[in-house]
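Beneath this line is the structure, given in structure tokens, with notes to follow.
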Amino acid sequence: MTAFVSGFSTGAGLIIAIGAQNAFVLTQSVKRNHHFKVALICAVFDVLFIMTGVAGVGSFVASNPLLMKIATWGGAAFLFWYGLLSLRSAFSDRRMELNEKTDSSIKKTLLATVAVTVLNPHVYLDTVLLVGSISAGFMGSGRYFFGLGASTASVVWFFTLVLFGSALARVFAKPIVWRMLDGIVCCTMWGVAVSLIV
């Protein structure tokens with residue numbers, strides 16, 4: 001359960017950050033443009049990448065004591081740094097900018113969804129490398145529960161965006177909302193980093 005919660009917290013903290021993929025999904029949701037299919041594609045790719053990282057990178061790192069130490073301290077350092085960026089961002093006036101251009105063609109929409117997912121280098125950094133490496137800090141099956149937690153966070157987030165897109169678009173347009181969210185992400189990342197070291 002601890003591994004699952006840590007995975008969920010880490011996954012949520014990484015995926016909630018404003019990015020091209022989130023803006024794209026939210027845009028399709030607001031426009032009601034094949035939004036459930038869009039969310040499903042994004043979630044499936046995230047789960048595949050996360051579990052690949054946990055099974056591949058995580059297993060490889062877990063088999064080497066030196067790499068385990070590097071991954072543990074490196075992962076913790078990254079999470080502290082990520083939390084610091086979120087804390088700094090909490091004092092800015094950022095907001096989610098939605099792309100107004102929407103193509104109602106299902107083929108073009110789904111191809112655009114795949115493109116905004118697999119052509120984004122941050123997706124691989126966050127899911128395969130980072131989540132995979134951090135998962136190595138959990139013994140035995142705990143590594144896979146960590147991956148399951150991160151995967152669950154991804155699925156929940158994407159379907160939350162499409163289910164409540166219109167309401168969320170109005171909420172995310174307010175800088176104060178992002179300040180609060182960044183503060184929560186900061187605390188979450190630092191909490192996971194501390195638990196990883198301990």
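We number each residue from 1, following the sequence as shown. Heavy atoms only: backbone and side chains are in, while hydrogens, waters and symmetry mates are out.
Within the 6.0 Å centre-distance limit, the rings of Phe146 and Phe138 are counted as a close aromatic pair.
With rounding to the nearest 0.5 angstrom, the OG atom of Ser135 is 8.0 Å from the OH atom of Tyr144. To the nearest 0.5 angstrom, Thr52 atom OG1 is 11.5 Å from Leu129 atom CG.
The shortest distance between side-chain heavy atoms of Lys37 and Leu110 falls below 4.5 Å. Proximity of Phe159 to Phe36: side-chain heavy atoms (C-beta onward) are separated by under 4.5 Å at one or more points. Side-chain contact between Ile15 and Phe158 is present, with at least one heavy-atom pair separated by less than 4.5 Å. Annotation: side chain of Val118 is in contact with side chain of Phe49 (closest heavy-atom distance under 4.5 Å).
Judged by distance alone, the side chain of Ser29 and the main-chain N or O of Leu161 form a donor-acceptor pair under 3.5 Å. A distance-only check finds no donor-acceptor pair linking the side chain of Thr10 to the backbone of Gly7 [under 3.5 Å].
Listed here is the closest heavy atom pair of Ala153 and Gly11: CB-C, 4.0 Å. Closest of all the heavy-atom pairs between Ala43 and Ser154 is CA-OG, 4.4 Å.
A continuous path of hydrophobic side-chain contacts links Leu163 to Val155 [ILVMFWY only; heavy atoms under 4.5 Å]. Note: the hydrophobic cluster containing Leu48 does not contain Val156 (ILVMFWY, side chain heavy atoms under 4.5 Å, direct or indirect links). Phe8 and Leu130 fall into different hydrophobic clusters, defined by Ile, Leu, Val, Met, Phe, Trp and Tyr side-chain heavy atoms under 4.5 Å apart, directly or through other members. Both Met51 and Leu14 belong to a single network of hydrophobic side chains, linked directly or stepwise wherever heavy atoms of I, L, V, M, F, W or Y lie under 4.5 Å apart. Cluster membership check: Phe4 does not share its hydrophobic cluster with Val194, using side-chain heavy-atom separations under 4.5 Å among Ile, Leu, Val, Met, Phe, Trp and Tyr.
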Phe45/Val114 under side chain to side chain contact (heavy atoms under 4.5 Å, CB included): CA gap, chis, key distance, verdict:
CA-CA 9 Å; Phe45 270 108; Val114 173; 4.2 Å; yes

List the steps, then state whether side chain to side chain contact (heavy atoms under 4.5 Å, CB included) holds for Ser151 with Ile50.
CA-CA 7 Å; Ser151 298; Ile50 288 169; 3.6 Å; yes

Does the pair Val162 and Val38 meet the rule for a side chain to side chain contact (heavy atoms under 4.5 Å, CB included), with working shown?
CA-CA 9 Å; Val162 298; Val38 167; 5.7 Å; no

